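Report on one structure; see the data block that follows.
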Amino acid sequence: MKNKTILHLQSGDGNEGGIANYISLLMNSTEMKKYSHIVVVKKIYKKLYLKYPLSQLIEFNCEYSFINFFKRVFKLRNICSTNQYPLIHSHALRAGLICAFLKIFFNIDFIHTNHGLRFKQKNIYKVLFYFLIEILVLICSTNYVCIRNKDFIYLRSFIKFNF
C-alpha cells in the first residue's frame, strides 16, 4: 500500500514545457511507482488528467507578490498537513522559494529540481537578487537536482553540499 506522498510543486500551468514532461517521466518511472503522487497545479482542467493519469491534482497558485507571499506559504503548509508522509518536490525557482520558507518556518523537507539558473537569465540589476534566492533554495533543500550539467558544475564549484 502506498503511504508516502510526493507533492510535485511547479509554478507554471502544469501541462506543457520541460517541467511538466519531467514530472510525468518521474511519475512513470519504476522507482516512483511506490509513492502516491500529487501534482500541484495552478488550475485543474481535463488535459491535466491525461498528462498525469495516476496522480491526484490539487489547485495551488505559485504566483505571488510581496503582499501574498506568506499566505501562499501557509496555504502550502495546509496542503502538506493533509498527507501523512509528504515530500515536496519543487520545480523552478518560484516554487523553490515557497518551499525554502516552509523549511525555515515549519521544518518541512523538500527536494528542488533546478531546470536552469534564473540569475543567469536576468539583466545586471536583478542578477544578485536571483542569485541570493537560488542559494537560499539550495541551502534549505534536502537535495538539489540540476537538470543541466553546466549548472551543476557552476554551483558545485563554490557550494559543496545538497547535490
Side-chain angles (χ1 to χ4, degrees), residues 1-28 32-119 121-122 126 128-147 162:
M1 179 168 179
K2 297 178 182 181
N3 61 356
K4 294 190 178 196
T5 303
I6 299 175
L7 283 89
H8 297 279
L9 181 64
Q10 56 190 320
S11 53
D13 257 351
N15 183 42
E16 298 175 352
I19 294 172
N21 292 332
Y22 177 73
I23 292 171
S24 184
L25 286 171
L26 278 177
M27 291 186 330
N28 290 319
M32 301 300 271
K33 296 283 186 197
K34 59 186 170 188
Y35 298 100
S36 297
H37 294 274
I38 297 173
V39 180
V40 182
V41 295
K42 187 186 293 187
K43 184 157 177 64
I44 297 174
Y45 50 94
K46 285 183 183 181
K47 207 171 183 183
L48 291 173
Y49 289 109
L50 298 173
K51 185 74 174 179
Y52 311 113
L54 301 175
S55 66
Q56 178 185 353
L57 299 174
I58 292 180
E59 280 188 23
F60 175 75
N61 188 351
C62 277
E63 292 180 9
Y64 50 78
S65 64
F66 289 114
I67 297 169
N68 68 0
F69 178 77
F70 290 106
K71 182 179 179 181
R72 297 281 194 256
V73 171
F74 281 90
K75 185 171 182 180
L76 186 58
R77 180 191 176 271
N78 291 340
I79 291 170
C80 291
S81 67
T82 62
N83 295 284
Q84 189 175 9
Y85 301 108
L87 172 66
I88 300 174
H89 186 185
S90 65
H91 301 269
L93 192 57
R94 181 177 293 274
L97 184 60
I98 292 174
C99 291
F101 276 83
L102 277 177
K103 178 67 176 178
I104 292 167
F105 291 142
F106 306 110
N107 201 27
I108 296 175
D109 290 333
F110 72 101
I111 294 172
H112 182 74
T113 297
N114 173 333
H115 296 268
L117 295 172
R118 296 294 290 164
F119 68 89
Q121 303 165 7
K122 298 297 179 183
K126 295 180 182 178
L128 180 61
F129 178 70
Y130 279 87
F131 176 77
L132 293 174
I133 292 172
E134 196 81 55
I135 299 306
L136 175 68
V137 170
L138 190 148
I139 290 169
C140 290
S141 65
T142 304
N143 283 68
Y144 190 91
V145 179
C146 289
I147 296 296
N162 282 6

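Because the structure is predicted, anything quoted here is derived from the model rather than measured. Values reported hereafter were calculated over all heavy atoms of this structure, with side chains retained and with hydrogens, waters and symmetry mates removed.
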Output the distance between atom CG (L102) and atom CG (L97), rounded to the nearest 0.5 Å. 10.0 Å

For F105, all residues meeting ring pair (Phe, Tyr, Trp, His ring centres under 6.0 Å), sequence neighbours excluded: F70, F101

For residues 91-108, which residue pairs pass the salt bridge (charged side-chain N to carboxylate O under 4.0 Å, His left out) check, not counting sequence neighbours? K103-D109

Any side-chain heavy atom of L136 within less than 4.5 Å of one from I104? yes

Could you measure the distance from the CG atom of L9 to the CD1 atom of I98? Nearest 0.5 Å is fine. 6.0 Å

Quick test of your reading: applying side-chain hydrogen bond (donor to acceptor under 3.5 Å, both in side chains), list the pairs with at least one residue in residues 68-81, sequence neighbours left out, ordered by first then second residue. S65-N68

Contacts of F106 meeting ring pair (Phe, Tyr, Trp, His ring centres under 6.0 Å) (sequence neighbours excluded), chain-then-number -> F74

Measure up the F110 and H112 rings against each other and bin them: parallel (under 30°), tilted (30 to 60°), perpendicular (over 60°). perpendicular

Approximate separation, where rounding is to 0.5 Å, of I79 CD1 and I38 CD1: 8.5 Å

Could you state the interatomic distance from CD1 (I133) to OH (Y130), rounded to the nearest 0.5 Å? 6.5 Å

Can you tell me how far CD1 of I6 sits from CD1 of I88, rounded to the nearest 0.5 angstrom? 11.5 Å

Counting only pairs under 3.5 Å, give me each side-chain donor-acceptor contact of residues 53-62, with atom names and distances, residues two or more places apart or in other chains.
| residue | atom | partner | partner atom | Å |
| --- | --- | --- | --- | --- |
| S55 | OG | Y52 | O | 3.2 |
| E59 | OE2 | I44 | N | 3.4 |
| N61 | OD1 | E63 | N | 2.9 |

Do you know which two heavy atoms are closest between L138 and Y144, and how far apart they sit? CA-CD1, 3.6 Å

Where is the tightest heavy-atom contact between S90 and C99, given as atom of each residue plus distance? CB-SG, 3.7 Å

Reported CD1-to-SG distance for the pair I135 and C140, which is rounded to 0.5 angstrom: 11.0 Å

With under 30° as parallel and over 60° as perpendicular, where do the rings of Y64 and F69 fit, or are they tilted in between? perpendicular

